[in-house]
Amino acid sequence: MLSRVKRPRDLDRLSLAQLDELAAEIRSFLVEEVAKTGGHLGPNLGVVELTIALHRVFDSPKDRVLWDTGHQSYVHKLLTGRQDFSKLKGKGGLSGYPSRAESEHDVIENSHASTVLGWAEGIAKANELRRKNDHVVAVIGDGALTGGMAWEALNNIAAAKDRPLVIVVNDNERSYAPTIGGLANHLATLRTTDGYERFLARGKDLLERTPVVGRPLYGTLHGAKKGLKDFIAPQGMFEDLGLKYVGPIDGHDIEALESALERAKRFGGPVIVHCLTEKGRGYTPALQDEADRFHAVGKIHPDTGLPISSSGADWTSVFGEEMVKLGKERDDIVAITAAMLQPVGLEKFAKEFPDRVFDVGIAEQHGAVSAAGLATGGLHPVFAVYATFLNRAFDQVLMDVALHKCGVTFVLDRAGITGTDGASHNGMWDMSILQVVPGLRLAAPRDADQVRAQLREAVEVTDAPTVVRYSKGAVGPAVKAVNRIGGMDILREPAPEGRAAGRADVLLVSIGALAPMCLEVADLLDKQGISTTVVDPRWVKPVDEAMPVLAERHRVVITVEDNSRVGGVGSAIAQALRDAGVDVPLRDFGIPPRFLDHASRKEILAEIGLTAPDIARQVTGLVAKLDGRYEADEAGARSGSAQAARD
């Protein structure tokens, strides 16, 4: 059945029985294909019927169907002609999120939560001003509704009561883990209530059979005040905003979904359609996974749901285990997560200290401000968040935490190039944007031992924000230091005979997880007769006072970081050298200032030239130029001396 669907309008020819058959086939396809590549499985299994109904009722791409976050868009891809999942999230394959480069049916590709309602409100305004009658549909999960941006948008959407806009709330009681908070409680009440609309439907049927007074009584009932409505179904929160509410609807009943969406489409103003779906539906291993219903999986066996292979300890688990140890030692340590308890490694801490973990929902801004309050109240909060998501809370880090000199530790998971999740998930901006925050201290551990050590150093700071950032995936073996200068670890020193006039050729500044690769660069340079010192600053902000002293002992400084070259650690070190009056050439290697397509981390590093052979080749050329300049200067000096002698 799926092979017959090349575009959304092909769905129009299918009967309800065939649509149910299609839904079952799509679920089988998703399990088989995502098991091979990894990806977001649970969310997509939950929106099969909803996506079918959306594309039957609305005419994409003329009508804009917008997906918040976008991790639940696999079914949408299948129904819009993209059925080759063999390279999902891989180089040259389909993105794991909507992608404008893939299809005219895709609009939002930033994959950061809670933005879709703002997009929808803007597009609906544009339609109104351009006198277009196209429809705008925003699909948002109950988890994403915990984000403040969603409510800012709702406030504006409700202000235009005659501007058509359909908001589909995909309510599966989860984002990653179960959704929590006041909104979640409200939606739970709606789920378990028979519903005002159903009450009215039964009342209408009864009253219309009552002679003379029946219809007027129904009109009176329909106009009843909020008290009656809240008594029957507490949907008043939405209707108080001026939003028509339809639901709850069984999100796996295509006929019911189409009926509700058709009514919303005809309404002529903002409407919320509340759909109840089951994350992981149809796949027993996902339904049995209480943690996140297989929100995102690696390569798994499709029959059992078990992973194909294990990559060993990862950075996240190292942090999580150390947090438990710190929690046992200090009762002032508390943890904050933004709806991602398990992905950021706080699950064990939460089990050990359930009253010392605060899940703020998808609300990074609130999380940062709340952390400032916790610190002011005498605690030391550790806010664990993906590096790319801290971007959303920059103002709060700057004006609430740093300005007030609050002792808050931000732990940034998935820092640097993450790869397969695409442009918006690479954590490549944190070491640039955080450089401007006064007083902030930033650590980039190179291995598991340093994660433990630098986390402990960070939570000892009580008068400023601290940041510990680390990579995604498996953590490699420990990289031992051979010496220490100031607060910096020397990972490699050149042999004494490799120094010319007391100076080595290259000071290679290795940032974070790139230490093994930097040592490989040093080995390659050594084979070219280029003497190299490799130093790990450990704390990259502020620049260690010993850095200019060390740099002055070398002919050239090279920095290598898993972060944007613009305003990153290389730029900060260059400024520190200038301020200290150290005139040594510096070359910075990092991520270019562009959005990177999805591919493996290794493939992206190779594409942008962050590999040992690429760096060694360029450094060799740079040293050769310096040698050439030195030889030219020497020749010029000799020529000048000879001319002076003749004169």
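Bear in mind the structure is a predicted one, so any value in this text is a computation, not a measurement. Excluded from the calculations below are hydrogen atoms, water molecules and symmetry mates; all remaining heavy atoms, backbone and side chain alike, are included. Along the sequence shown, residues are numbered consecutively beginning with 1.
- Looking at T277, D142, T51 one by one, the single match for side-chain hydrogen bond (donor to acceptor under 3.5 Å, both in side chains) with N170 turns out to be T277.
- The only member of H71, H112, H76, H425 that meets ring-ring contact (aromatic ring centres under 6.0 Å, His included) when paired with Y97 is H425.
- For N127 (side chain) and N133 (main-chain N/O), no donor-acceptor pair under 3.5 Å exists by modelled atom type.
- Annotation: cation-pi geometry not satisfied between K36 and F85 (NZ/CZ under 6.0 angstrom from ring centroid, within 45° of ring axis).
- With respect to the salt-bridge test (charged N to carboxylate O, under 4.0 angstrom), the residues K89 and D421 qualify.
- Note on ring orientation: taking the six-membered ring where Trp is involved, the planes of F353 and F349 are tilted (angle from 30° to 60°).
- The two atoms that bring A338 and D359 nearest to each other are C-OD1, 4.0 Å, heavy atoms only.
- At least one donor-acceptor pair closer than 3.5 Å links the side chain of R9 to the backbone N or O of H55.
- The residues E49 and R27 are annotated as salt-bridged, a charged nitrogen and a carboxylate oxygen being separated by less than 4.0 angstrom.
- T388 contributes a side-chain N or O that, together with a main-chain N or O of S424, makes up a donor-acceptor pair within less than 3.5 Å.
- Side-chain N or O atoms of H252 include one that pairs as donor or acceptor with a backbone N or O of E278 at under 3.5 Å.
- Paired with H135 under the rule side-chain contact (heavy atoms from CB on, under 4.5 Å), one option of K265, R64, K62 passes, and it is K265.
- At a threshold of 4.0 Å, the pair D597-K91 does not count as salt-bridged, since none of the basic side-chain nitrogens sits closer than that to a carboxylate oxygen.
- Between T316 and D314, the side chains place no donor N or O within less than 3.5 Å of an acceptor N or O (distance only, hydrogens not considered).
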